[in-house]
Trainee: 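Attaching a single structure in structure tokens format; questions to follow.
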Amino acid sequence: MNFDGKKYITRIAKMLRLLLNSALVVLGIVLAYCLAKEVIYIFLMIVANGHHDYYALIQEILVFFLYFEFISLVVKYFESDYHFPLDYFIYIGITAVIRIIITNHGSPVNSLILSGAIVVLLVALVIVKRNNLDDNK
């Protein structure tokens with residue numbers, strides 16, 4: 001009886017990839033459900049509410065975009081041969097920081113620091129995009 005370790009490692013890797021892919025499909029479905037709930041909530045907020053709390057509305061729209069970006073990330077994972085593209089994480093980070101700035105707009109120093117974080121994320125995005133262009137040549 002010959003023990004082939006590489007064969008077992010390959011089998012374990014395939015099983016773990018199947019587990020990961022299944023979990024991501026379930027997560028995608030849950031995120032799609034949350035996205036649909038967010039659309040309904042935004043619609044009800046606009047139509048049913050008599051008050052005009054624009055900060056709350058913008059916050060909910062940004063939450064919608066966070067769900068949307070995470071669903072896009074899961075889709076892109078399957079389209080790009082089981083790899084998470086870095087630029088999608090940067091988009092999610094930018095949206096999350098913008099949401100924090102809008103919801104916690106009390107301290108100008110914090111807003112300035114968070115704005116600096118957005119600039120850093122944008123620089124990182126430019127670097128990632130430039131490297132992707134160089135790789136495609």
Trainee: Is there a side-chain contact between V109 and I113 (heavy atoms, below 4.5 Å)?
Mentor: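 With C-beta onward as the side chain, the pair touches.
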
Trainee: Let's go through Y77 and L20 carefully: what are the C-alpha distance in whole Å and the side-chain angles of both, what is the deciding distance for side-chain contact (heavy atoms from CB on, under 4.5 Å) to 0.1 Å, and is it a yes or a no?
Mentor: CA-CA 11 Å; Y77 169 80; L20 174 68; 3.1 Å; yes

Trainee: Is it possible for you to say whether F78 and Y88 belong to one hydrophobic cluster, with membership spreading through side-chain heavy-atom contacts below 4.5 Å?
Mentor: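 Yes, same cluster.
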
Trainee: Does any non-hydrogen side-chain atom of L73 lie less than 4.5 Å from one of Y91?
Mentor: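 No, side chains not in contact.
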
Trainee: Is it the case that one hydrophobic cluster holds both V74 and Y33, taking links as side-chain heavy atoms less than 4.5 Å apart, direct or via other members?
Mentor: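 No, V74 does not connect to Y33 through the hydrophobic network.
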
Trainee: Would you call F70 and L35 a side-chain contact if the rule is heavy atoms closer than 4.5 Å?
Mentor: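 A side-chain contact is absent here, since even the closest heavy-atom pair is not under 4.5 Å.
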
Trainee: Go through it in stages, so that I can follow the logic: the residues are F84 and L24, the test is side-chain contact (heavy atoms from CB on, under 4.5 Å), and I'd like the CA-CA distance, side-chain angles, deciding distance and then a yes or no.
Mentor: CA-CA 12 Å; F84 285 112; L24 281 174; 3.9 Å; yes

Trainee: I need the minimum non-hydrogen distance between E60 and I42, along with the two atoms involved.
Mentor: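 Looking at all heavy atoms of both residues, the closest pair is O-CD1, 3.6 Å.
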
Trainee: Quick check: do L125 and K129 have side-chain heavy atoms less than 4.5 Å from each other?
Mentor: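 They are in contact (side-chain heavy atoms under 4.5 Å apart), so the answer is yes.
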
Trainee: Would you call I101 and I118 a side-chain contact if the rule is heavy atoms closer than 4.5 Å?
Mentor: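 Yes - at least one pair of side-chain heavy atoms lies under 4.5 Å apart.
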
Trainee: With side-chain contact (heavy atoms from CB on, under 4.5 Å) as the test, would you mind laying out the steps for V75 and E79 before giving the verdict?
Mentor: CA-CA 6 Å; V75 169; E79 288 178 349; 3.6 Å; yes

Trainee: Side-chain contact test, heavy atoms from C-beta onward, threshold under 4.5 Å: evaluate it for N110 versus N104 and give yes or no.
Mentor: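 No, too far: nothing below the 4.5 Å cut-off.
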
Trainee: Quick check: do Y41 and V63 have side-chain heavy atoms less than 4.5 Å from each other?
Mentor: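 Counting from C-beta outward, Y41 and V63 never come under 4.5 Å.
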
Trainee: Evaluate the side-chain proximity of F68 to I92: yes if any heavy-atom separation is below 4.5 Å, no if none is.
Mentor: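 Sidechains of F68 and I92: no contact.
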
Trainee: Which pair of heavy atoms, one from L62 and one from I102, lies closest together, and at what distance?
Mentor: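 Looking at all heavy atoms of both residues, the shortest contact is CD1-CD1, 3.3 Å.
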
